[in-house]
Amino acid sequence: MASTLFTRSLLGHRLVHSSLSKPQILTSFLNKRLFNSQPDPKYTAYKISSIRAPLVMASSVVGTRANYSTLSVSPNEPVVSVDWLHANLREPDLKILDASWYMPDEQRNPIQEYQVAHIPGALFFDVDGIADRTSNLPHMLPSEEAFAAAASALGIQNKDGVVVYDGKGLFSAARVWWMFRVFGHERIWVLDGGLPRWRASGFDVESSASGDAILKASAASEAIEKIYQGQAVGPITFETKFQPHLVWTLEQVKGNIEEKAYQHVDARSKAGKATNRSSLFSFIIKIATCSTKCLAEPETPQLQPNFSANTSVEVLKKWGCNDDDISKIFSRRPSLREINVVQLQSKLNLLSGLGIKYSELFKIINCCPRFLSSRLNHCFDEQLDYFTKFFGSKTVFGKAIVRNPSLLNYDFNHSIKPAIALYEQMGLSTKDLIPMLVSRPTLIPRSSLNDQKIDYINRSGVSKTSKMYKYVVTLIAISRTETIQEKISNFQKFGFLEDEILRLFGRSPLLITMSIEKVQRNMTFVMGTLKFPASVVLQHPFLLYVNLEAVLKPRLVLAGKIQDMGLSPEMKGQATILRSLRMTEKRFLKVYVNCHPQEVADELMEAFRNAKCAKRLAVDSKRIVRKGFPF
């Protein structure tokens, strides 16, 4: 449903005149409102023959590393590529929004996932929070005044370009794209492939949100609430201009059923129609003539038992893979060329039954090359029943397999069930275990708890009701006792007591995964260069997470430059320095560089850039020594 709706909502203004004689009305249970995809005439005055080139613009830059400018992307283009965003990530007039939202049965928390991993500099856009508070229906379109207040609280201005993405690739992001277009903001684009493609392309993500980002997300929701309560809000930096042709009321839709002036399109998936929410649109389905299948991604066919093939290539093609997909799969797992055709067909049928599409097969093979060579059908029915109950549905289980294919490879009775039982004994609920199983493929085979590890968990000071508890338990369980002891000994070199270190792990569990070298370098900088006591990291663990060469050192260099030039404000005192080091780069430059006259600001900016370009001695030729899987 989602991919269908959003594909059409993004491309409807290009295709509507070439494919249908009637304008189309798209409906979705995500927004429960109707919006008209009939384009603004100024966007569709070009001829049909000119459509093809703009359509491939965003995808054509994938794989390149050219320099782009935000000015080079037309507002008529609904998407931008991950390469384009990576090249423009630090543009001051470009805002990035994480608009992740999930169906209730998926049991995923978008704000928690945002805090775990998001594109650097991205702010969280709460689809449920930035909504009409007078309606008893979820995520209804807010008023102009409310949306302006929320956008302003997020720091968005009318001059800004906005790129929005979500955790699924293309689901809720286009809903937010539409909201901005409804309120007159044309410089808005959806990230092609979203966060999954960003990570698959090898680009960095931030694993913790800055306090500023969390405050802005909270402020946006609070601003909405104040507007609907008639209270005053902060300064408005985003002005709206409502576009009525992009929204249809229920009365307009009912009237169109009789007049038939516009074509209704039911853009939900088959699963969406099966839910109890489908009754909202039962009258629309009666006159819909367009297919509800996603135009961008055909359904994966179920291989029939009587289908015969001589090679694995024929089986994969029948399953829906094209030559490029097959080439990628074989490059990752060459032995699949000679795999038994009957076995391959049987395994693909199992995957089809879980709703896994051909487009997701390469992700699985890339993550687990031996996946199709292993025994998937061993205890399969028992595993399917167990995991269907565990994840809540077969669909969610299928999505978990795409993220962690090894769930079907592990020995069910001797690995999977004992590992899950182990965590349940430690007080982790099914809701806590699901994201851990999906995000950490090694959770099942490497989980073990002994008296020493349990003692570490208890001394971390984290209660079972804490949000950090599941991270502390799982990270300690999959880590070797020797590894944990090495990490503790490393901190003890700087004067910490073992109990202090374990409580620090409880507050920031990801410190367990950090290399000894990084901790040593950052601690040396804190104590030797900043002249802070070691205990400061107990209250400010971000000092260990932040990149030394790209953030800490350049900002300290700039502080010295400001002091030498006798400028103000200066970075003096522990509290001021800590606050400046924790700022986002944009805010840091605004406070300490852009506040000065242009000539002075240029000089400071040059010193800052030069400091960022300086590399640690022999960093390019550093030899990485691996001692096996560390955790």
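Surrounding CD of E606 are at most 12 heavy atoms belonging to other residues, nucleotides or ligands under 6.0 Å away. Within 6.0 Å of atom CD in E498, more than 12 heavy atoms from other residues, nucleotides or ligands are found, so the atom counts as buried in its surroundings. For R459, the CZ atom is densely surrounded, since the number of other residues' heavy atoms within 6.0 Å is greater than 12. Crowding of E599 atom CD: a count of heavy atoms from other residues, nucleotides or ligands under 6.0 Å not exceeding 12. In K518, the NZ atom is crowded: over 12 heavy atoms of neighbouring residues, nucleotides or ligands sit closer than 6.0 Å.
A donor-acceptor distance shorter than 3.5 angstrom exists from the side chain of R555 to the backbone of S580, with no hydrogens or angles considered. Looking only at distances, a side-chain donor or acceptor of K487 sits under 3.5 Å from a matching main-chain atom of I512. Remark: side-chain polar atoms of T237 are paired, donor with acceptor, to backbone N or O of I156 under 3.5 angstrom. For W198 (side chain) and D204 (main-chain N/O), a donor-acceptor pair under 3.5 Å exists by modelled atom type. Judged by distance alone, with hydrogens and angles left aside, the side-chain atoms of N158 form no donor-acceptor pair with the main-chain N or O of H185 at under 3.5 Å. A side-chain donor-acceptor contact under 3.5 Å links D160 to the backbone of Q157.
The closest side-chain donor-acceptor pair between R133 and S143, if any, does not fall under 3.5 angstrom.
Here the CZ-NZ distance, from R90 to K586, works out to 12.0 Å after rounding to the nearest 0.5 Å.
Relative ring orientation between W101 and H139 is described as perpendicular, the plane-to-plane angle rising above 60° on a 0-90° scale split at 30° and 60°. Using a 30° and 60° split on the angle between ring planes, W84 and W189 fall in the tilted class, from 30° to 60°. Between F180 and F238, the ring planes lie perpendicular to each other; the angle is over 60°, past the 30° to 60° tilted range.
Qualifying side-chain contact (heavy atoms from CB on, under 4.5 Å) partners for V557, counting only residues two or more places apart in sequence or in other chains: A611.
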What do the steps show when you test K612 against E549 for salt bridge (charged side-chain N to carboxylate O under 4.0 Å, His left out), and what is the final call?
CA-CA 7 Å; K612 289 188 70 174; E549 282 73 29; over 6 Å; no
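Counting only heavy atoms from C-beta outward, the side chains of L589 and E585 approach each other to under 4.5 Å.
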Could you tabulate the donor-acceptor pairs under 3.5 Å formed by side-chain atoms of residues 529-540, not counting sequence neighbours?
residue: K531; atom: NZ; partner: G528; partner atom: O; Å: 3.0

